S.K.: 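Before I ask anything, let me first share the structure, which is written out below as structure tokens.
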Amino acid sequence: MGDTHAIMTISADILRDLTDAQLEAVTHRQGPMLVVAGAGSGKTRVVTRRIAYLIAQGTRPDQILAMTFTNKAANEMKERVATLVGIAPRNVGTFHSCCARFLRQDIERLKDGRNRQYTIYDSSDQNTLLKHCLKDLNLRSSDCSPNDVAQVISRAKTQRQDIVEYIHNQCRYDADTYEKVAIAYETRLRQQNAVDFDDLLLLTAKILSEYPIVREMYQTRFKYLLIDEYQDTNHLQYDLMKLLCGEEQNVHATGDPDQSIYSWRGADYTNIMNFTSDFPDARIVRLEQNYRSTQCIIHAANELIHQNAFRLDKDLFTENEIGSPIRVISVPDEASEALWLCRRISELCTEGHSLRDMAVFYRTNGQSRSLEDGFMRMGIPYQVVGNLRFYDRKEIKDLLAFLRLKCNPADLVSLQRVVTCLNCGVGPKNLAALVATAEQHAMPVFDLLCRDDFAALFGKNPAWAQHFCQWCRALRALPDQPVDEVIAAVLEHSGLMQNIIAKDDNADDRVENIHELLAQVKSFVTNHGDCTLIDYLQEVSLISDLDTYDSEADYVSLMTLHCAKGLEFPFVFITGVEEGYLPHQHSVNTANGIEEERRLFYVGLTRAKAEVTVLFARGRFTWTGSDQREPSRFLAELPEEVVQQQIFKHRQAPPNHRRGANHFGYSS
Ligand SMILES: Nc1ncnc2c1ncn2[C@@H]1O[C@H](COP(=O)(O)OP(=O)(O)OP(=O)(O)O)[C@@H](O)[C@H]1O
Ligand SMILES: [Mg+2]
């Protein structure tokens, strides 16, 4: 009786503030469902509430698998569910994090030499590995760019095509060279017990396709499958969804085809259009009321997106207040753009708004530079979302390399980094000799280095080898748990800190970053309890640049339009709305390209709750000199009745506030 009562009270909270359509989507019981809806109509709210609802109705949390676009979005979802039902469901994550966990269990089924200790290589590790492959093949980066090969490999993988076949179909030049490098890359990945990001999904799909027993096991385990931001799934993610949903087809997908902005990464928004042919019994729910933005913003966004020919027609309205018109500000150049922004932001602060309520968007990362200059001069605190990831910093990557090597003895990319950090006399030739010996004895090189009979196996026995071997043994002998203590011990053993203090120009910053990492590890251990070093490394590898946004801190957020997906802010500024940037010059030659850029602008506009300002410069300084700019064609598509144009003629260098604190209490 007590239990039933508890379930009923919880359910009331879960179902509060939902429209009829949202309610239908939340409480849908069995079978496939597609929620197609415009921006800010409560899609993410529906997914969160549905997870809570299913749990409150008695579904075990581990029977629910929910996938979304960023770790940050996933964590928010978990927290909200926990507030609603008192339990944080474990299986809410990105496709990548869910697959990484799956492979920790099942990768050995592939019998390709990889095991559960596998390392996840990020794009910079991938680049290093490709350079090793080029070297093996006596090629230079100028013969074959590692970035280009990485891209081709990634496309083949996300389309689930055979890499060699794909290369010969797609590459007009140098297909043979690409083929050799790609084969070497795949071989090395296997030998080093490593996977790249796409492999996480691809290998999971492979296991699920090839092993019906495993597939059925997972299908039974996950009774409910939920996917948010479905419009940005690629072919591989789509296949995974189909492989994971069992006979009952309890798949619940939510998305907005007008917000599909990742086709350059293989996303295919026709997945959303084809949902009903894949699942003929699918129930479709449309959410048409927007709860986020003012009427002016929704009217502007609707009119803009109606210019796209390839779309599902859908309506979006709001009962929110009319709001102020979209301001379109024309500025002479990039410095004035920053100046105008800083003044407006100061004004909003004077009116009592917080900096965290404001966001500045741009099309390409490089555009943040001039804005940052302005913000620094004016002493306005800001955070650039998606800049150099914390985990990409040299000192952090160095420390992680020591940890990765301890977990995965075959990880040569990390071994090489360790050797460089230690500066212990193991040069490239010595390392090559070690690798060759390890290969002869068919063992990972770090295992060779840790063997008691190392000297006998290695044949030669110079001082550097003995010394390094002892050091490796000591590294391996350090305990594996608890993670915070292991990391402190490995840091000590590595001598990294002393090295930084002795040699580095930026020692203070780097030391501070390492302290920050140690603090983060402590909080990871507190939140994850009995976790292993591998769990920690996996979590860190999967943090993407999109996860760096801190919604608590009182900063103005600067980010690309791509990063802005799913977020909302009272005040939004979209800068550089010019031909060449938005639409981007790379996209102007195809109708699809232009439509995607328009969707990007649509995403930007619909992030705003209260006010949108769009800025464009009439000229910009580029590396070739000064450049005349044209306002974006999209500006002419905004309805006149909700647009207020303003020309900012004034051109004056912003006052320099570098010294001392200003009225934000912040000194730069
Ligand atoms: N029925 C409702 N009543 C009141 N507020 C709501 C309701 N539904 C959603 N909201 C609010 O509207 C805003 C947008 O919701 P949400 O982020 O879930 O929309 P979305 O469709 O996922 O947006 P996007 O397309 O940007 O991903 C949020 O602030 C949410 O709390
Ligand atoms: Mg959403």
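When a ligand or atom number is given, it counts from 1 through the structure's own listing order. Computed from heavy atoms alone, side chains included, the values below leave out hydrogens, waters and symmetry copies. Keep in mind that what you see is a predicted model, and the values were worked out from it rather than measured.
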S.K.: Could you tell me which atoms of ligand 1, counted from 1 in the order shown, lie closer than 4.0 angstrom to a heavy atom of E568?
M.R.: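 Under 4.0 Å from E568, ligand 1 has these atoms: 13 (C), 14 (C), 28 (C), 29 (O).
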
S.K.: Checking a contact table here: which protein heavy atom is nearest atom 17 (O) of ligand 1, and how many Å away?
M.R.: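 Ranked first by proximity to atom 17 (O) of ligand 1 is R292 NH2, 3.2 Å.
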
S.K.: Please assess N271 against T233 for the test side chain to side chain donor-acceptor pair (under 3.5 Å), listing each intermediate value before the final yes or no.
M.R.: CA-CA 7 Å; N271 285 345; T233 47; 3.1 Å; yes

S.K.: Looking at G42, which atoms of ligand 1 are within less than 4.0 Å of one of its heavy atoms?
M.R.: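 Near G42, the atoms of ligand 1 are 9 (C), 15 (O), 16 (P), 18 (O), 19 (O), 20 (P), 21 (O).
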
S.K.: For H96 and F197, take the angle between the two ring planes, folded into 0 to 90°, and tell me which bin it lands in: parallel under 30, tilted 30 to 60, perpendicular over 60.
M.R.: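 It falls in the tilted class, 30° to 60°.
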
S.K.: Nearest protein heavy atom to atom 12 (O) of ligand 1, by residue and atom, and its distance?
M.R.: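 Heavy-atom neighbour on the protein nearest atom 12 (O) of ligand 1: Y291 CB, 3.2 Å.
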
S.K.: In the protein, what heavy atom is nearest to atom 8 (N) of ligand 1, and what distance, to one decimal place, separates them?
M.R.: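 I find the closest protein heavy atom is Q22 NE2, 3.0 Å.
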
S.K.: Check whether NZ of the Lys or CZ of the Arg K565 lies under 6.0 Å from the centre of the six-membered ring of F69 and within 45 degrees of that ring's axis.
M.R.: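 That pair qualifies as a cation-pi contact.
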
S.K.: Can you see whether Y218 has R221 sitting over its ring - NZ or CZ less than 6.0 Å from the centre and within 45° of the normal?
M.R.: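 Output yes; distance and angle both within limits.
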
S.K.: Once the angle between the rings of H28 and H252 is folded into 0 to 90°, is it parallel (under 30°), tilted (30 to 60°) or perpendicular (over 60°)?
M.R.: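 Tilted, since the angle between the ring planes falls between 30° and 60°.
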
S.K.: Name all residues meeting the ring pair (Phe, Tyr, Trp, His ring centres under 6.0 Å) criterion together with Y238; count only those two or more places apart in sequence or in a different chain, and write none if there are none.
M.R.: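 Ring pair (Phe, Tyr, Trp, His ring centres under 6.0 Å) list for Y238, sorted by chain: empty.
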
S.K.: Of all the atoms in ligand 1, which lie at a distance below 4.0 Å from a heavy atom belonging to G38?
M.R.: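 Heavy-atom distances to G38 below 4.0 Å select 21 (O).
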
S.K.: Identify whether NZ of Lys or CZ of Arg in R629 sits under 6.0 Å from the centre of the six-membered ring of Y581 and within 45° of that ring's axis.
M.R.: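 Ring-cation test returns yes.
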
S.K.: Please identify which atoms of ligand 1 are closer than 4.0 Å to at least one heavy atom of R607.
M.R.: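 Near R607, meaning under 4.0 Å from one of its heavy atoms, ligand 1 has 26 (O).
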
S.K.: Can you tell whether the side chains of E229 and K43 come within less than 4.0 Å, N to carboxylate O?
M.R.: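 Answer for the salt bridge query: no.
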
S.K.: Does G40, backbone or side chain, put an N or O under 3.5 Å from an N or O of ligand 1?
M.R.: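 G40 vs ligand 1: N/O contact under 3.5 Å present.
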
S.K.: If you leave out waters, which protein N, O or S atoms are less than 2.8 Å from the Mg ion (ligand 2)?
M.R.: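 For the Mg ion (ligand 2), the protein N, O and S atoms that sit under 2.8 Å away are T44 OG1.
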
S.K.: Which atoms of ligand 1 sit under 4.0 Å from any heavy atom of D17?
M.R.: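 Those atoms are 1 (N), 2 (C), 3 (N).
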
S.K.: As a quick check of understanding, evaluate side chain to side chain donor-acceptor pair (under 3.5 Å) for T294 and E321, giving each step before the final call.
M.R.: CA-CA 5 Å; T294 62; E321 62 180 75; over 6 Å; no

S.K.: With atom 9 (C) of ligand 1 as the reference point, say which of K609, K565, R49, R45 has the nearest heavy atom.
M.R.: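 Going through K609, K565, R49, R45 one by one, R45 has the nearest heavy atom to atom 9 (C) of ligand 1.
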
S.K.: Less than 4.0 angstrom from a charged side-chain N to a carboxylate O is my criterion; do R311 and E595 meet it?
M.R.: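 Judged by the 4.0 Å cut-off on N to carboxylate O distance, R311 and E595 do not form a salt bridge.
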
S.K.: Are K314 and D256 close enough for a salt bridge, meaning some N to O gap below 4.0 Å?
M.R.: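 A salt bridge is present here (some side-chain N lies under 4.0 Å from a carboxylate O).
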
S.K.: Identify the closest protein heavy atom to atom 20 (P) of ligand 1: which residue and atom is it, and at what distance?
M.R.: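 For atom 20 (P) of ligand 1, the nearest protein heavy atom is K43 N, 3.4 Å.
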
